[in-house]
Amino acid sequence: MPIRMLPDTLVNRIAAGEVIERPAAAVKELVENAIDAGATRIDVVVRDGGKSLITITDDGCGMAPDELALAVERHATSKLPSDDLLDIRSLGFRGEALPSIGAVSRLTLTSRPRGADSAWALTVDAGLKGAPQPAALAQGTRVEVRDLFAAVPARLKFLKAARTEFDHIGDCIERLAMAHPGVAFTLDGDGRSALRLSAAQGDLLDARLTRLGALMGRDFQDNAVPVRAAREGVALAGWIGLPTLHRPTARHQHLFVNGRPVRDKLMVGAVRAAYADFLPRDRHPMLALFLDLDPQEVDVNVHPAKAEVRFRDQGLVRGLIVGALKHALAEAGHRASTTVGLATLGALRPESGADADGTVPPPSPLPYRNPAHQPAPSWGGGYGSVVPRGLADRATAFQAPHQAPLPPLQGRLAGWQAAPAARPPDYSAQAAAAAPLDSHPLGAARAQVHNTYIVAQTAEGIVIVDQHAAHERLVYERMKTALLEGGVKRQALLIPELVELDEPSANRLLGRAAELAELGLAVEGFGPGCVLVREVPALLGQSDVKSLVRDLAEELAELGDALSLKERLEDVCGTMACHGSVRAGRSLSVEEMNALLRQMEATPHSGQCNHGRPTYVELKLSDIERLFGRR
């Protein structure tokens, strides 16, 4: 066939296939136009997931009749005053959105400029443009898209269910709303209200947090850390969640460049590097980061949907993000997210167990009874009058072997059985001396439970500390600091430790002997498959050297030879710290427990261990009182 020019309608449909891949893409382009027009309120209404109707109304600057006719022409735009594609200062600039949408639907534009005495409307039906007609509209612009993809029925077959498409539209609007907290948004779908966001007031950083709290939840708003940093004309701001506030996917990571939501691999990698010390490999932090830089330093024209960008100085951007996030997390100190305490309270609330058939029975109406089934006395109130069925059954099973009744309590509880009291170690004299420590953030140690958990009293409640996880973080941070200051101090073993390994593992260890020596571990060969350990890091104290060496050998097998140990410091130091920390099951004195608490308060990131688990749980007194019905 000879070469020929394609008709304009077909050209526009091809462009629509690149720009408008689903209803959410059409909404994104139209909402971006409204934001560029200076709108302070944007209302979105969709039907059937956007397939049958999309209506977007704004109070922006509006368009005159002649501008309406130009707006639906290809590559017509008001957003490139200098015709420089490297100087993009708006969200839209290609001039393809309206003609592309009009080519595959029935598009109606109604607009009234500020100060004009009337509004005008223009219709584009499957690429056929009509003439502007007088219409009714207060101010701004209303875009109505009906029967999207009616002109290309094949595209409709690839769309998902209406609910799925509506969810994509909601995600799109939420991302734009995060970047522009000064704009009010509403979203209605099929007669129901899905989103109501009023314009946030105040400082931009605080306004963003208010908007993020409305979209990402109160947990994020209560546990977010501010980020502010600038370097060589590049500014970074936003809010990041504490490491103990994490999710199984990266869905709650929102990244913006000059107000534009993006999916950039460089920025995602920088976030992962900043949190590498604090999160498990399969968990992701919650955050929203806003990067602002000269438009000449970033190319936003590398993708038809403008979802990807390319930075001129990638090293500068990556270094700024990693450094700013690590500094912000260090400023947070030992804070752990409040969600840890809330999860603990949820676990403490009694739950009813399920029967064999899977049904959940109602709580037992009977409180504790003695074996003689004496009638239960009246409490005179509602609290404590109902005991969960599972707890009552366990109590009955415990009391059944006792033939003689237990001694009754005195007073109004006569006839009830006294539960055997656990007698913890006598901390009374030492705890009294530690009373002034209550004013510290992590309080004063009061007891040790199961030789694993430290219970401390604060001015506002109690704190429960996992002694192994907490000390693991402390040792890890001290090892990193010592390495940066010139090397980890080593302690010679009185009797060198001989560790037997398989030959490949031993060879891997000996191949990294020089790097391990910088970390304080001196190893040398002692025949095939044997390693002799002469020195260990002094910070580890009395540790199981054989287990440490075997774990390090496994780490090196996973790391491979591509990176040096310094580049994978978090992996190797984390393994060493785990072996050098206070183990669960070790009894601590009150002085040792308080010393651990004080070190946690002075150490950054001590709110979580090297594996991302929380090191302590804080319960406010008001929460505890609520558990017992005092509030």
Side-chain angles (χ1 to χ4, degrees), residues 223 225-227 240-246 274-280 285 322-338 340-341 434 437-445 448 452-458 462-489 519-520 537-541 543 569-584 586 588-618:
N223 298 283
V225 178
V227 174
I240 62 175
L242 292 169
T244 44
L245 182 69
H246 47 69
Y275 276 87
D277 277 2
F278 317 114
L279 288 182
V322 174
L325 265 60
K326 286 194 171 185
H327 177 75
L329 292 174
E331 288 291 318
H334 65 274
R335 278 182 62 192
S337 64
T338 57
V340 176
L437 296 176
D438 289 0
S439 59
H440 286 266
L442 296 182
Q448 184 185 27
T452 302
Y453 303 102
I454 300 171
V455 180
Q457 176 181 327
T458 67
I462 64 172
V463 169
I464 306 172
V465 178
D466 183 336
Q467 65 188 40
H468 173 67
H471 197 244
E472 183 179 353
R473 168 58 69 178
L474 300 181
V475 173
Y476 177 56
E477 294 295 334
R478 288 166 64 189
M479 287 190 70
K480 289 200 303 180
T481 302
L483 188 62
L484 293 174
E485 292 176 352
V488 179
K489 293 183 180 180
L519 297 173
L539 289 172
L540 301 189
S543 58
L569 182 66
E570 69 273 9
D571 297 296
V572 179
C573 284
T575 301
M576 290 186 174
C578 186
H579 283 272
S581 58
V582 173
R583 309 302 292 182
R586 175 180 165 186
L588 301 177
S589 67
V590 173
E591 290 78 7
E592 289 175 320
M593 291 188 285
N594 280 319
L596 181 64
L597 297 177
R598 302 293 81 78
Q599 289 180 36
M600 290 177 64
E601 294 166 352
T603 303
H605 322 305
S606 61
Q608 60 281 324
C609 74
N610 311 332
H611 312 292
R613 296 188 296 269
T615 59
Y616 72 89
V617 173
E618 182 178 11

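- Between Pro441 and Glu601 there is a side-chain heavy-atom pair separated by less than 4.5 Å.
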Would you please test His468 and Thr452 for side-chain contact (heavy atoms from CB on, under 4.5 Å) and show each step?
CA-CA 7 Å; His468 173 67; Thr452 302; over 6 Å; no
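- Note that CD1 of Ile454 is 10.0 Å distant from NE2 of His471, once rounded to the nearest 0.5 Å.
- Taking every heavy atom of both residues into account, Tyr275 and Gly241 meet most closely at OH-O, 2.8 Å.
- Between Ile240 and Leu325 the shortest side-chain heavy-atom distance falls below 4.5 Å.
- Between Leu588 and Met593, the shortest heavy-atom contact is CB-CG, 3.7 Å.
- Here the shortest heavy-atom pairing between Tyr453 and Asp466 reads CD2-CA, 4.0 Å.
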Using the rule given for side-chain contact (heavy atoms from CB on, under 4.5 Å), can you reason through Thr458 versus Leu442, listing the C-alpha separation, both sets of side-chain angles and the distance that settles it, and then say yes or no?
CA-CA 6 Å; Thr458 67; Leu442 296 182; 5.6 Å; no
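- Formation of a donor-acceptor pair under 3.5 Å by the Glu592 side chain with backbone atoms of Ser589 is found in this model.
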Given side-chain contact (heavy atoms from CB on, under 4.5 Å), test Val463 with Val617 step by step and report yes or no.
CA-CA 6 Å; Val463 169; Val617 173; over 6 Å; no
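- Using a 4.5 Å heavy-atom cutoff, the side chains of Gln467 and Leu596 are in contact.
- Between Arg598 and Gly443, the shortest heavy-atom distance links the atoms NH2-O, 2.7 Å.
- The shortest heavy-atom contact between Leu329 and Pro243 is CD2-CD, 3.8 Å.
- Panel note: side chain Asn223, backbone Leu242; no donor-acceptor pair is recorded below 3.5 Å.
- Taking all atoms of both residues into account, the shortest heavy-atom contact from Ala328 to Val227 is CB-CG2, 3.9 Å.
- Contact of the His440 side chain with the Leu597 side chain is not registered, since no non-hydrogen atoms from C-beta on lie closer than 4.5 Å.
- Although no hydrogens or angles enter the test, the distance criterion places no donor-acceptor pair under 3.5 Å between the side chain of Gln448 and the main chain of Val455.
- In this structure, CD in Glu591 is found 7.5 Å from CG in Asn594, a value given to the nearest 0.5 Å.
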